[in-house]
Amino acid sequence: MPKVEYDPLPRAFYARDTVSVAKELLGKLLVRVIDEKIVLSGMIVETEAYTSDDPASHAFKGISKRNMVMFGDVGYAYVYFIYGNHYCFNAVAKDPSMSAGAVLVRALQPIDGIDFMQKVRVRGDDRITSGPGRLTRALFIGKEHNGIDLTVKGPLYIAYYANIDKEYIVATKRIGITKARDKPWRFIVKDNKYVSKR
DNA sequence: CTCTCGATGCACT
DNA sequence: GTGCATCGAGAGA
């Protein structure tokens with residue numbers, strides 16, 4: 001097992017309303033372990049909530065082969081391919097009364113394996129993990145991780161890391177969507193330079 | 001079957 | 001600020 005180890009969040013963490021989970025995932029650590037030895041990780045600094053009754057959500061029009069993970073048990077990864085180029089990483093989270101829900105992770109502050117991440121991206125700078133497409137590339141997250149359990153140590157999981165003070169959590173409108181743009185369901189860590197721009 | 005377009009990122013003006 | 005690469009899912013015929 002790798003030297004660097006963290007405690008995964010329990011499944012119960014994800015079994016609450018999606019918006020609350022999105023907020024509380026700030027400060028947690030997204031951990032990627034490659035070949036059981038290389039550890040890449042980043043502190044979550046930007047998230048967005050997507051629920052089943054939300055027109056902007058993939059789950060809005062019902063279950064399908066693509067979005068079925070969102071309708072399954074909480075604490076699993078929902079990874080999808082978009083714009084012909086990018087993967088986006090979500091954690092399935094919802095209140096037990098809801099049919100589906102997930103939290104999109106939009107930005108990370110790199111913690112472990114920064115050199116490794118930057119080796120691949122020649123133009124390594126602050127933007128290496130800033131943006132949903134960028135962070136999946138930096139952590140080598142792809143469709144093979146769709147449906148993976150995030151509550152156990154493995155190739156991909158989310159762990160306890162830091163507590164973000166309430167004063168440093170800011171809610172804003174979501175980014176890059178055309179429907180339900182008014183909902184304040186994007187959460188960012190105030191003044192963190194890794195939060196994506198726009 | 002064909003057509004549209006997206007929870008993006010990057011190059012360019 | 002604008003344009004676009006690139007492709008799979010979903011919608012419609």
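In what follows, chains carry the letters A, B, and so on, assigned in the order in which the sequence lines appear, proteins first and then strands, with residues in each chain numbered from 1. Source: prediction; values computed, not measured.
- Atom CE in Met68(A) sits roughly 13 Å away from atom P in dA9(C) (whole-Å rounding).
- The side chain of Arg134(A) contributes an N or O atom lying less than 4.0 Å from OP1 or OP2 of dC10(B).
- Counting non-hydrogen atoms under 4.0 angstrom, Ile177(A) reaches the backbone sugars and phosphates but no base.
- In this structure, the nucleotide among dG10(C), dC7(C), dT8(B) sitting nearest to the side chain of Ser64(A) is dG10(C).
- Per the geometry, CD1 belonging to Ile128(A) stands 13 Å off C1' belonging to dG9(B), to the nearest Å.
- Under the Watson-Crick or G-U wobble criterion, with both distances below 3.5 Å, dT6(C) has no partner in any strand shown.
- We find that CZ of Arg186(A) is positioned 14 Å from C1' of dT8(B), with the value rounded to whole Å.
- A salt bridge (Lys or Arg N to Asp or Glu O under 4.0 Å) with Glu48(A) is found for exactly one of Arg174(A), Arg106(A), Lys23(A), Lys183(A), namely Arg106(A).
- Across all strands, Gly133(A) comes closer than 4.0 Å only to sugar-phosphate atoms, never to a base (heavy-atom distances).
- Only the C1' atoms considered, dA7(B) is 23 Å distant from dG1(C), to the nearest whole Å.
- One can place OH of Tyr87(A) at 16 Å from P of dT8(B), the figure rounded to the nearest angstrom.
- Note: OH (Tyr80(A)) to P (dA9(C)) measures 14 Å, nearest angstrom.
- Phe13(A) carries Arg16(A) over the face of its six-membered ring, with the cationic atom under 6.0 Å from the centre and within 45° of the normal.
- Proximity of Arg106(A) to the phosphate of dT8(B): a side-chain N or O atom is located under 4.0 Å from OP1 or OP2.
- The side chain of His86(A) sits closest to dG9(B) out of dT6(C), dG9(B), dA7(B).
- Among the nucleotides dA11(C), dA7(B), dA9(C), the one closest to the side chain of Arg66(A) is dA9(C).
- As rounded to whole Å, 18 Å separates atom P of dA7(B) from atom NZ of Lys173(A).
- Using a 4.0 Å cut-off between charged side-chain N and carboxylate O, Asp112(A) and Arg32(A) make no salt bridge.
- Taking atom CD1 of Ile175(A) as the reference point, atom P of dT8(B) lies 8 Å away to the nearest angstrom.
- A straight line from CZ of Arg127(A) to C1' of dA11(B) spans 11 Å, rounded to a whole angstrom.
- Looking at the side chain of Pro132(A), the nearest of the listed nucleotides dG9(B), dC10(B), dG6(B) is dG9(B).
- Nucleotide dA7(B): unpaired (no Watson-Crick or G-U wobble partner with both distances less than 3.5 Å).
- No hydrogens or angles considered: a donor-acceptor pair under 3.5 Å links the side chains of Arg186(A) and Thr172(A).
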request  = Apply side chain to side chain donor-acceptor pair (under 3.5 Å) to His58(A) and Tyr78(A), showing your working.
outcome  = CA-CA 11 Å; His58(A) 292 166; Tyr78(A) 170 45; 2.9 Å; yes
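- A 3.5 Å limit on both hydrogen-bonding distances identifies no Watson-Crick or G-U partner for dA13(C).
- Side chain of Lys61(A), nearest nucleotide from dA7(B), dA11(C), dG9(B): dA11(C).
- At least one side-chain nitrogen or oxygen of His58(A) sits closer than 4.0 Å to the OP1 or OP2 atom of dA7(B).
- Grouping the Ile, Leu, Val, Met, Phe, Trp and Tyr side chains by contacts below 4.5 angstrom, directly or via other members, places Met43(A) with Tyr6(A).
- Side-chain proximity of Tyr83(A) to the nucleotides dA7(B), dA5(C), dT8(B) is greatest for dT8(B).
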